[in-house]
Each structure stands twice: as C-alpha cells, then as structure tokens.
Amino acid sequence: MSKIVVLNLGSGNFSSGFSSVTARLGEVGNLYMQFTGSLPTAPDIPQLLRDWRLLYTALYQSHGYRGAIDIVESGITHCSEVNFNDICQQLQTQINTWLNSEGFRKIESGLRTQLNPAEPVRVIIESDAPEVWKLPWHLWDFFGEYRLGELAFSTPDYPAPAISVIPHRRKANVKILAILGNSAGINLEKDRELLKRLSGAEITWLIEPERQELTDQLWQAGWDIIFFAGHSQSENNITHGRLYINQHEQNNSLRMGEVKEAIRKAVDNGLKLAIFNSCDGLGLVRELAAEQIPLPPMIVMREPVADPVAQAFLKYFLKNFAAGEPFHLSVRQAREQLRGLEHELPGASWLPVICQHPAVIPFSWSTKPTEPISINLSKWVAIGLVGVISSYLFCGSKLAVLANELGLRNHRNGQLVMAQWYYHIASWLNPNYAQPYYNLAWLCDESLDDTACAEQRFKQAALRGLPDAYPELARLQLQQGDLQPALKQTWECLEHSDYDGVKAACLKNRGWVRWEQQRLDEAEADLRHAIALQPDSPHAYCLLAQVLDTKGNKQEAKVAWKNTLNYSEYNVPEQDKCMGLAQEYLSAQ
C-alpha cells in the first residue's frame with residue numbers, strides 16, 4: 001500500500017498566511033506521524049493565478065476553442081505564449097519560495113526524512129480556500145523528486161467513508177455509466193471511441209439524457225465508474241458546479257446539488273471512481289463535498305479544456321489505468337504526457353486534478369471471471385502448472401510492487417536482511433522494475449558501506465529507466481575519483497530526465513567534475529544552474545563556494561558558505577564534510 005500524506009492548511013488565506021499547518025503521514029487508516037508548521041503570507045500568488053487564468057483563456061480562444069458555455073471573455077486583446085510561459089515560471093518560483101519558508105520547511109524536512117523517493121506516495125491537500133484548490137501544487141519541487149507521488153484535494157470536513165449497502169459479488173467486467181452531455185461546439189465522438197476500446201468494461205451509454213433518465217440510471221446498483229463528457233462549469237467561486245446534459249432550450253443543465261441523492265445512492269451501491277472530462281470542474285466536487293457525501297476519487301479539469309486535451313488525457317489515463325497502474329500514478333503519467341500538446345495548447349498539463357476522501361483507498365482496475373469451469377480430475381496437474389505460470393506472467397509486476405514496499409518497510413525499521421531479501425524477490429518477480437534495484441543500492445551505500453554493491457545496483461536501476469539513479473551512480477564514481485565515468489553518467493542523466501530535482505543533482509555532479517578538472521567557469525555555470533533548480537542543495541553551495549574562492553570572488557564565496565551551513569545536516573557524511581569546510585572558512589574571515 002502506498003504512503004499517504006494529508007496536508008491540512010487550517011484556516012487562513014494568502015493575505016494573512018496559514019498559521020496552523022499540519023501534515024499527517026502514514027497509510028490509509030493509520031496516519032501514525034504528524035508534523036506541524038505554518039505558511040507565511042503570499043499576496044502575489046492570487047494575482048498571478050488571476051493573470052494565468054486570463055492569459056490561458058485568451059490563448060484558448062485564440063486557438064479557436066471558444067465554447068458557448070464555459071469560456072469567459074478575458075478582455076485581453078494581445079497576448080503570446082511568451083507572456084504565458086513567463087507567468088507560469090513566476091508562479092512556480094513564487095510557490096516554491098512560499099513552500100520553502102521557515103515555518104513550512106520543518107514539515108517538508110520531516111516528510112523527506114520518512115519518505116523514500118522510490119516509494120509511491122499520495123499527497124492530499126485539505127483546505128476550504130478556493131485559491132488553494134486553484135493553485136498548481138504539482139509545481140512544488142517535492143513532486144519533482146518524488147516521481148511516484150501525486151496530489152489530490154479534499155475539504156477539511158468529510159463524513160466517514162461509504163460502506164457499500166449491496167453485497168460483494170464477482171463481476172466479469174468493470175461497469176461504467178458513460179454520460180455524453182451537451183456537445184455544442186465540441187466533439188464527444190472521440191471520447192466514445194476511446195471508451196469502446198476498453199477491454200473488460202461493460203458500458204451503459206446516456207447520450208444527451210433528460211434529467212429523469214440520468215437520475216434513474218444513477219440509482220441503479222453496481223456502477224464502478226461514472227464518466228461524463230460535455231460542458232460543465234464552476235459557479236460562485238467554485239463552491240457550486242453545473243453540468244450541461246443536453247442541448248434543449250430548457251432543463252438543459254443541473255446543479256450537482258440537484259442530483260445529490262442519486263450520487264449518494266451510487267456511492268452506497270459501490271461507485272469507486274467518477275471522471276468529469278469537462279470544463280472547469282472543481283465546483284462539481286466542492287458542492288458534493290458540502291453535502292457530506294463520502295465521495296470516491298474524482299478526476300476533474302480545473303479550467304476550461306480544449307477537445308484535444310480532454311481526449312488525450314482520457315486516452316493516456318485509460319491506457320495506464322486499465323493496464324494495472326495504480327490510480328494516482330495513472331493520473332500523474334497521463335497529466336505529464338499532456339506536455340506534448342503544450343506547443344499548441346499551453347497549460348494542458350496543469351488541468352487534470354484528483355479530488356478524494358482522504359480515507360478512501362483508490363480503485364484498481366481488475367476483472368474476474370464468473371462463469372463456472374468444469375474440468376476432469378486428470379487435468380488438475382496440467383491446469384495447476386498453467387495457473388502457476390499465468391499467475392507469474394500476469395501478477396508478477398503487482399507482486400513485485402508489494403515485495404518492494406515490504407522491503408522499504410523493513411529497511412525503515414532497521415531489518416536490513418529482510419529488506420535485502422524483499423528487494424531481491426521484487427527484482428526476480430519483475431526484472432524490468434527499477435525501484436528495488438535503486439532501493440537496494442541505497443541500502444548497500446548507507447547501511448552496509450558496500451560501494452561496489454551500491455554502484456552495481458544504481459547502474460541496474462538506471463538501465464531500467466530510472467533517471468534518479470544516474471546522479472547517485474555519478475556521486476559514487478566521483479567519491480572514488482573516477483571523473484570520466486561520472487561525467488558520462490551526468491550526460492545520460494540530463495538526456496533522460498525531465499525533473500528539476502534530478503537535473504539539479506546531475507548538474508551539481510557535472511560542476512563537481514569541472515571543479516576537479518579546475519575548469520572553473522564551467523563549474524560555476526553548472527553549479528549555479530543546479531542551485532536555480534534546487535535552491536536548498538548544500539553540496540552544490542559547498543562546491544560553488546570553493547570555485548568562487550579559487551576565482552577570487554570572496555564576497556559571493558562567503559554567501560555560498562553560509563548557505564552550505566544553512567542547508568546541511570550532520571548525519572549526511574558528504575554534508576558534514578562541507579559543514580567543516582564552511583565553518584573553517586567563515587571563522588577565518
């Protein structure tokens with residue numbers, strides 16, 4: 001089971017700050033650790049959010065995606081993708097500056113101490129503030145390093161999770177209620193085709209339904225997934241949401257509160273997931289949450305969305321999810337795949353977001369046969385052998401994830417032999433699964449002081465497509481003075497990674513190589529770039545301080561040494577050495 005972090009911002013806003021922030025860490029039903037802190041005022045963020053939305057809307061319209069219902073006139077007559085990208089960068093900088101504040105830093109440090117970057121984690125942000133829900137939290141540097149993490153939103157008040165009122169039954173297929181609503185100005189046929197291609201799905205279609213037809217179907221027992229495509233919008237500062245279900249002049253839309261009893265019944269009958277592949281959907285969730293309905297995980301779009309974006313997200317998500325990927329990772333991967341559209345439709349990857357009850361375990365796609373099988377006793381041995389082989393082929397990857405998580409649990413508890421054993425089992429079950437190799441490398445490096453083992457395992461993880469392994473492999477090679485192999489790893493890393501945290505580590509290592517080679521200008525450029533991507537990297541500051549001091553830039557060197565001390569920890573050998581150098585330098589000034 002993946003880790004869960006419930007980050008409650010308490011009362012407050014960006015103008016007054018959030019004085020009582022708590023982060024609870026654990027697993028669903030067992031949040032066993034808590035960290036407390038605060039967040040300061042950030043008055044620039046709301047204005048940047050408004051500017052972002054105005055520019056996004058203007059670009060959306062300029063590309064011809066002008067829906068009759070969802071798009072609000074922005075009043076902007078001249079804008080460009082350069083302006084938009086500049087706002088995006090400003091927002092990212094402001095968000096990470098805000099989350100790097102002193103009051104919040106101890107929360108983040110506590111989480112990083114307890115969480116392994118190769119470990120799945122779901123971060124659920126609890127808040128009533130609409131602007132918090134609008135904030136693109138995926139830009140937080142934390143998610144750049146924790147690549148198996150994804151965020152979700154929840155209101156701070158919620159009922160107990162739903163307990164299905166219908167008995168559990170074996171089902172051959174996942175039951176989907178697919179609602180295709182008002183399609184004025186948009187093409188829903190692509191959504192329909194994507195759903196029809198799903199194997200293991202039993203789909204009931206509602207095409208531009210009347211209200212009664214929709215509510216009658218919601219009251220039916222046994223829906224696993226509800227899917228809606230069409231027009232929708234949020235109202236009253238995303239406290240309410242409206243679905244446009246048909247193109248009639250009257251009764252063509254409904255508020256979520258008008259179908260709350262039907263939604264509650266669907267939840268009681270086993271509803272596990274709702275997907276609103278439509279515009280501006282945060283109000284849909286918040287209105288249902290206000291009715292104290294124990295909602296299943298829901299996917300919505302935070303802003304108006306163009307057809308190609310909505311359809312691409314659905315395609316990527318369904319492909320990942322139906323193949324057995326965990327729900328939150330399926331959403332993250334699909335969201336990040338939308339970056340491929342951003343040369344034409346900027347901001348696409350910012351749109352999909354999960355909203356969910358913190359105590360609900362997300363649904364996993366699974367199918368189970370229901371028809372009885374009659375076999376002769378003489379065939380049991382052959383069938384048993386086929387069953388063992390099939391279980392390995394079809395379940396090996398899932399068992400590998402479980403074994404890796406058991407390894408992590410034993411690793412954290414100091415049970416190193418058991419941790420090693422589980423990591424080896426995980427890699428045997430799925431030889432292409434990079435995480436157990438990466439975790440075993442850390443165990444060899446930190447706990448067993450076995451550099452050869454660590455280097456071998458980091459190399460195996462890198463070959464299996466985990467970019468995080470490249471900078472760690474280069475670090476070990478640099479510690480042994482192997483400059484050329486380390487330089488090769490940095491090139492591989494920068495070529496294969498899109499995440500700022502990983503790129504920062506790679507650039508830091510390349511700066512380290514250039515420092516050892518006394519190519520000072522190149523070293524300084526790489527180290528400054530690394531710090532720009534990850535401003536709390538003590539080793540990057542340590543190396544930069546030495547480079548600047550050698551170049552005669554004493555004043556900036558002094559600042560870099562101070563930052564080395566600010567961000568270092570004694571229990572990390574590499575950082576402890578840097579702390580000694582910094583203290584020696586500063587005491588001599």
Side-chain angles (χ1 to χ4, degrees), residues 1 4 6 27-29 122 124 126 152-179 181 195 200-206 209-229 232 239-243 245 254-278 281-300 321 326-328 331 354-368 370:
M1 185 181 295
I4 181 172
V6 179
E27 299 169 351
V28 171
R122 292 181 290 126
I124 299 178
E126 291 183 349
F153 292 101
S154 170
T155 55
D157 299 316
Y158 41 82
I163 299 175
S164 178
V165 298
I166 62 173
H168 175 74
R169 65 192 186 284
R170 292 167 64 86
K171 294 190 294 185
N173 295 315
V174 174
K175 288 190 66 177
I176 302 175
L177 177 62
I179 307 158
L195 288 172
E202 177 186 333
I203 304 175
T204 297
W205 298 94
L206 288 180
E210 301 290 343
R211 287 191 182 204
Q212 190 63 50
E213 183 184 8
L214 173 59
T215 55
D216 285 349
Q217 285 291 345
L218 290 173
W219 275 82
Q220 297 299 311
W223 301 119
D224 295 307
I225 299 174
I226 291 175
F227 172 85
F228 175 83
S232 65
T239 59
H240 296 83
R242 182 175 295 275
L243 292 180
I245 57 175
L254 51 84
R255 284 259 302 270
M256 295 307 292
E258 297 176 68
V259 289
K260 61 184 180 183
E261 292 86 0
I263 295 290
R264 190 186 302 274
K265 187 64 175 178
V267 172
D268 289 342
N269 285 342
L271 179 64
K272 302 176 182 68
L273 173 63
I275 304 171
F276 292 91
N277 207 31
S278 56
L282 290 176
L284 306 174
V285 180
R286 287 171 65 88
E287 184 169 0
L288 290 174
E291 299 290 346
Q292 291 293 287
I293 297 174
L295 296 174
M298 302 175 73
I299 303 172
V300 299
F321 192 46
F327 169 71
H328 76 287
V331 174
I354 302 169
C355 305
Q356 74 161 91
H357 191 299
V360 172
I361 299 174
F363 167 54
S364 294
W365 188 283
S366 62
T367 59
K368 299 179 181 179
T370 57

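Residue indices begin at 1 and follow the sequence shown.
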query: With distance as the sole test, does D224 use its side chain to make a donor-acceptor pair with the main-chain N or O of K175 at under 3.5 Å?
result: yes
- request: Kindly indicate, with the supporting measurements, whether the criterion side chain to side chain contact (heavy atoms under 4.5 Å, CB included) is fulfilled by K272 and I225.
  value: CA-CA 6 Å; K272 302 176 182 68; I225 299 174; 5.9 Å; no
field: Listed partners of R211 passing side chain to side chain donor-acceptor pair (under 3.5 Å), at least two apart
entry: E258
For R242, all residues meeting salt bridge (charged side-chain N to carboxylate O under 4.0 Å, His left out), sequence neighbours excluded: E235
- line: In this structure, CZ of F228 is separated from CD1 of I275 (nearest 0.5 Å) by 13.0 Å
task: With sequence neighbours excluded, give me every side-chain hydrogen bond (donor to acceptor under 3.5 Å, both in side chains) pair touching residues 153-162.
output: E126-Y158
- line: Interatomic distance, CG@L218 vs CD1@I179, rounded to 0.5 Å, equals 5.5 Å
- prompt: With sequence neighbours left out, what residues match W205 under side-chain contact (heavy atoms from CB on, under 4.5 Å)?
  reply: A178, L180, R192, L195, K196, I203, I207
Side-chain heavy atoms of F276 within contact of V285, under 4.5 Å: no
field: Counterpart residues, side chain to side chain donor-acceptor pair (under 3.5 Å), relative to E261 (two or more places apart)
entry: none
- request: Using the test salt bridge (charged side-chain N to carboxylate O under 4.0 Å, His left out), find all partners of E202 that sit at least two apart in sequence or belong to another chain.
  value: none
message: How long is the straight-line distance from CD of E291 back to NZ of K260, given to the nearest 0.5 Å?
response: 3.5 Å
message: Run the salt bridge (charged side-chain N to carboxylate O under 4.0 Å, His left out) test against E213 and tell me which residues pass, sequence neighbours left out.
response: none
query: side-chain contact (heavy atoms from CB on, under 4.5 Å) with C355: which of L288, L282, I299?
result: L282
query: Are the side chain of H357 and the backbone of I293 linked by a donor-acceptor contact shorter than 3.5 Å?
result: no
task: Would you indicate whether the side-chain heavy atoms of L214 and L254 approach each other to under 4.5 Å?
output: yes
- request: Could you tell me which non-hydrogen atom of P159 sits nearest to which non-hydrogen atom of P294, and how far apart they are?
  value: CG-N, 3.7 Å
query: Of all residues at least two apart in sequence or in a different chain, which pass the side chain to side chain donor-acceptor pair (under 3.5 Å) check with Q220?
result: none
task: Return the minimal non-hydrogen interatomic distance between P296 and L271, and the atom names on each side.
output: CB-O, 3.7 Å
field: Ring geometry between F363 and F321 (parallel below 30°, tilted from 30 to 60°, perpendicular above 60°)
entry: perpendicular
query: Among all residues two or more places apart in sequence or in another chain, which pass the side-chain contact (heavy atoms from CB on, under 4.5 Å) test with T204?
result: L177, Q217, W223
field: Reported CZ-to-CG distance for the pair R286 and L284, which is rounded to 0.5 angstrom
entry: 12.0 Å
query: Can you name the nearest heavy-atom pair linking R264 to Q292, along with the distance?
result: NH1-O, 3.6 Å
- prompt: Going from CD1 on I263 to CE on M256, what distance comes out if it is rounded to the nearest 0.5 angstrom?
  reply: 4.5 Å
task: Only counting residues at least two apart or in another chain, list the ones meeting side-chain contact (heavy atoms from CB on, under 4.5 Å) with P297.
output: L273, F327, Q356, V360, P362
